[in-house]
Every structure is written in C-alpha cells, then in structure tokens.
2 protein chains.
Amino acid sequence: MNDLQWDVIGNRVRSARVAAGISARELARRIGVSPSHVSQVERGIGAFSVPALYAAAREIDISLHDLFDPPQEAPPAPAPATLQDLDADGVVQRAGQHPTIQLSDGPRWSRLNVAAEADAEFLEVIYQPGTRVLPDYIRHEGREYGIVISGALDVEVDGVRTTLNAGDSIVFDSQRPHRFWNESEAEVRAIWFVRDSEPGDAAPHA
Amino acid sequence: MNDLQWDVIGNRVRSARVAAGISARELARRIGVSPSHVSQVERGIGAFSVPALYAAAREIDISLHDLFDPPQEAPPAPAPATLQDLDADGVVQRAGQHPTIQLSDGPRWSRLNVAAEADAEFLEVIYQPGTRVLPDYIRHEGREYGIVISGALDVEVDGVRTTLNAGDSIVFDSQRPHRFWNESEAEVRAIWFVRDSEPGDAAPHA
DNA sequence: AACACTGTTCAGTGGCACGATACATTGAGT
DNA sequence: ACTCAATGTATCGTGCCACTGAACAGTGTT
C-alpha cells in the first residue's frame with residue numbers, strides 16, 4: 001500500500017515552502033516539529049505524520065490535493081500543434097530582434113514576448129544616464145514586477161523613493177503612482193513584467 | 001500544533017465508506033491494513049497514517065480536503081494603505097535577500113517577488129554548468145516568459161530544442177512539455193515570469 | 001447446526017515520526 | 001580578521017502510536 005513517494009512530496013513541500021517565503025526552521029516552529037525533521041521530510045528521508053502534514057500544508061499555502069495529486073495535463077489529449085522551429089514559431093526571440101521603442105529623452109523599451117498579448121507585457125528597459133522622469137504615465141489595472149540587471153535605478157512608488165541596484169527586484173500594483181529614472185552615470189538595464197488584470201479576479205488570499 | 005480531531009474525521013470516513021457501499025473489512029483489504037484498525041480509526045480511538053489515509057480517501061471517494069474541515073477563510077482585506085517604506089512594505093526586495101532553493105543537481109531558484117502570490121511567480125534562476133534536467137517538476141496551467149541574462153541556456157520545448165544566448169527571450173504555454181539545462185562551461189543566469197492561470201480563461205492562441 | 005458475513009475489543013510490538021545536538025555555510029556587523 | 005545570527009544538514013537515539021492477530025458478539029441465510 002505504501003506507494004506514496006515521499007521524495008517527490010518532499011520536493012513539493014520544499015517548493016511550496018520557499019514559494020511561501022518561510023525558512024525550514026520557521027516552518028518547523030509553526031507546525032511544532034524540529035527543524036531537522038522538516039529537512040528530512042523535504043529531502044525524502046523522512047515523512048510527516050498526518051497532523052504535521054496538515055499543519056504544514058496550511059502554513060505553506062498548498063492544498064493537500066496539490067501535494068499528492070498536482071495538476072498535470074493529460075498526455076494523450078493536448079496535441080496543441082507541435083512546434084517546428086522555436087524561432088519561426090514565435091516562441092524564441094533573439095537578442096537584437098526585439099521590437100524597440102525609444103521614447104524621446106526617456107528609456108528604451110524592448111518587448112521580449114514575440115507576439116503582443118492582451119494582458120501581459122514582458123519587457124527589457126534601458127534607462128540612459130540622466131533619463132528624465134515620465135510625468136504621469138498610463139494608469140492601468142494590474143501589477144508590475146521588475147528586477148535591475150545592471151546599474152542603479154531610482155524609483156518612486158506612492159511617493160516613497162529608493163534606489164534599486166543590480167539584483168534588486170520590485171513588485172507593486174500598477175495603480176499606485178510610480179516613476180523611474182536614472183540619476184547615475186551609467187545606463188541601467190532592467191527586466192519588467194507588466195500584467196494587466198481585469199478588476200474582479202484578484203487573488204483572494206492572505 | 002493543531003490537534004486534529006480524529007473522532008470527527010473518523011466519522012467522515014465511516015460516512016463516506018458507507019456511502020460508497022463497502023464494508024470496513026473490504027476497505028481494510030483494499031488499503032492494506034487490518035479490519036480492526038479501520039474500526040479503531042472510524043471510532044476515533046486510532047488514526048490512519050498518511051499513506052493509509054490517502055489510500056482510504058481514494059477508495060471511499062472523498063477528497064482529502066473534504067476529510068479535514070474547511071481550513072479557514074482569509075483575514076479581512078487590508079485597506080490600500082499608503083506605503084511607508086518600500087523595503088519594509090514588501091515592495092522592494094534586495095539582491096541576496098531573495099528566498100532561494102537549490103535543487104540537488106539542479107538549478108537554483110530565487111523568488112523575486114517579496115510575498116508569495118497565488119497566480120504568479122517572478123524568478124531568477126541560476127543554472128550551474130552541467131545542470132541536469134529535472135524530469136518531474138510541477139506541471140501547471142499558464143504561460144512562461146524568460147530571458148537569458150548571461151550564459152547560454154539549452155532549451156527544449158515541445159520536443160524542439162535550441163540554445164538561448166544572453167539577451168534571447170522565450171515565451172510559451174506551460175502545458176507544453178519543456179525543459180532547460182546548461183551544457184556550457186559557464187553558469188547561466190535567467191529571469192523568469194510564470195503566470196498560473198485557471199483553466200478556462202486561457203488567452204486564445206495558435 | 002453450521003456457515004459467511006458484519007463490526008468490535010485488546011494486549012502487544014515494530015517501525016518511524018520525531019527530538020537533541022552536533023556541524024557547515026553564508027551574510028551582516030563589528 | 002572575528003564574531004553573531006541565520007540558514008540547512010547529519011547522526012544517533014527513543015518514545016509513541018499505527019498497526020496486527022486473535023479473539024469476541026451479532027445478524028441473516030441455508
């Protein structure tokens with residue numbers, strides 16, 4: 001009967017825990033077990049009891065169903081037109097091939113997704129030194145995710161400003177007033193993902 | 001730790017078993033435990049282990065979610081309070097602060113969004129040289145957007161493979177079989193955005 | 001009188017779910 | 001350099017409880 005594969009379940013626990021942003025020790029404390037045991041479980045050399053598993057699933061925000069039977073597609077059915085060539089089929093886009101917009105006296109935007117999509121934009125943005133602030137840019141529903149690849153980017157969100165250095169990331173709702181500029185001497189390179197969401201389907205969890 | 005109330009769970013097991021029309025002995029035989037143990041569990045003076053509970057839930061046709069009480073509802077929605085500090089308020093996350101997971105013999109994931117979100121992940125992934133493919137990682141509905149920051153990443157989507165060099169980007173639906181690995185001598189750094197979408201509102205595409 | 005089912009009881013045990021305590025590593029702050 | 005405070009991991013050990021086995025009693029059949 002013991003056909004449960006604790007190692008893959010442990011992997012899912014670890015993934016969900018990291019996704020929830022808590023450490024193994026913190027999880028252990030919350031569910032009342034020792035850190036070593038959490039480590040063992042996540043690496044497949046131990047297993048949670050039912051109460052521990054239930055408590056853990058709560059803390060790391062994963063349903064028991066997803067722990068045991070993660071959503072997976074049916075292999076026979078999909079047949080979504082097999083790809084031929086990743087470049088020709090619009091999956092891959094090469095550096096330098098991205099459609100680019102150079103705003104006058106502003107940053108340079110390159111759209112990284114090949115085909116335009118209604119509700120999502122994947123962008124590389126280059127802010128030249130001294131790039132001026134865009135006064136008030138389009139206000140839209142959604143959420144923005146960014147990471148600075150190189151350089152130092154000055155940001156202001158909701159009236160609060162800070163400086164993002166290489167590796168720093170930022171996430172905020174688009175309706176907050178926000179602007180970015182580059183006060184440094186070097187150009188700034190950043191990756192942005194902007195998702196437009198219809199009002200009403202906001203993720204309803206803590 | 002939350003003391004699971006085994007008696008009420010046992011009651012649900014019994015109800016579901018009777019509703020499924022099988023005897024306790026039959027259930028015991030199917031899940032590989034003794035009849036006495038099933039009896040004890042159903043009367044709350046014993047408890048199933050995780051594998052037994054999982055197997056039992058299958059046999060008596062009840063979801064694990066229904067076995068345990070409806071967990072809990074989310075706390076009241078926070079007001080859109082004005083931000084005070086971009087770092088403290090979970091908008092900005094500094095380099096090196098990202099929660100990171102190192103899969104054994106696999107890539108290293110860092111979550112770039114500060115708080116976990118139900119339907120979106122913003123990730124930096126470092127593929128060490130020679131990183132092997134993880135065959136059985138979580139398969140989800142949605143769409144993935146990636147750009148290689150440095151190094152050369154080998155990708156295979158829908159059975160077609162190519163190599164992404166620095167600056168190359170890729171976008172595809174998650175349900176296409178896909179994997180990534182690093183055949184080069186240098187580590188690869190990439191930024192990913194993975195959006196999970198509930199089946200049903202998928203954007204129509206080829 | 002057997003059967004053939006049903007669920008229940010209870011003493012007993014083996015395994016594993018767990019803890020205590022170590023260690024290695026990394027990043028931040030002297 | 002040296003802490004200090006985190007992180008995850010390794011190893012050894014043990015107490016408990018998930019489970020068994022063999023009994024028990026009841027209810028219909030034939």
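Below, read A as the first sequence line, B as the second, and so on, with proteins coming before strands; counting in each chain starts at 1. Quick note: numbers below take in every heavy atom, side chains included, and nothing from hydrogens, waters or symmetry partners.
Note: B:S49 OG to B:I31 CD1 = 8.5 Å, rounded to the nearest 0.5 Å. With rounding to the nearest 0.5 angstrom, the CG atom of B:L27 is 6.5 Å from the CD1 atom of B:I60. How far CD1 of A:I9 is from CZ of A:F48: 11.5 Å, rounded to the nearest 0.5 Å.
Contact detail for A:L64 and A:A57: the closest heavy-atom pair is CD2-CB, 3.8 Å.
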Which letter, B, S or -, goes with each nucleotide of nucleotides 4-10 of chain C from 5' to 3', with contact meaning a protein heavy atom under 4.0 Å? --BBBBB

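Exactly one residue among A:H37, A:R14, A:R12 makes a side-chain hydrogen bond (donor to acceptor under 3.5 Å, both in side chains) with A:E42. That residue is A:R14. Shown are A:V188, A:I170, A:I191; of these, the side chain to side chain contact (heavy atoms under 4.5 Å, CB included) with A:V148 is made only by A:V188.
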Going through the distances and angles, do A:Y54 and B:V50 end up as a side chain to side chain contact (heavy atoms under 4.5 Å, CB included)? CA-CA 10 Å; A:Y54 177 71; B:V50 173; over 6 Å; no

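Taking the centre of each ring, A:F193 and B:F122 stay at or above the 6.0 Å mark.
What separates CZ of A:R29 from P of D:dG8 is a distance of 13 Å, to the nearest Å. Residue A:F48 contributes atom CZ, which lies 17 Å from atom P of D:dC17 at whole-angstrom precision.
Every stem involving DNA chain C, taken as at least 3 paired positions in a row under the Watson-Crick or G-U wobble test at 3.5 Å, is listed here: C:2-23 with D:8-29, C:25-30 with D:1-6.
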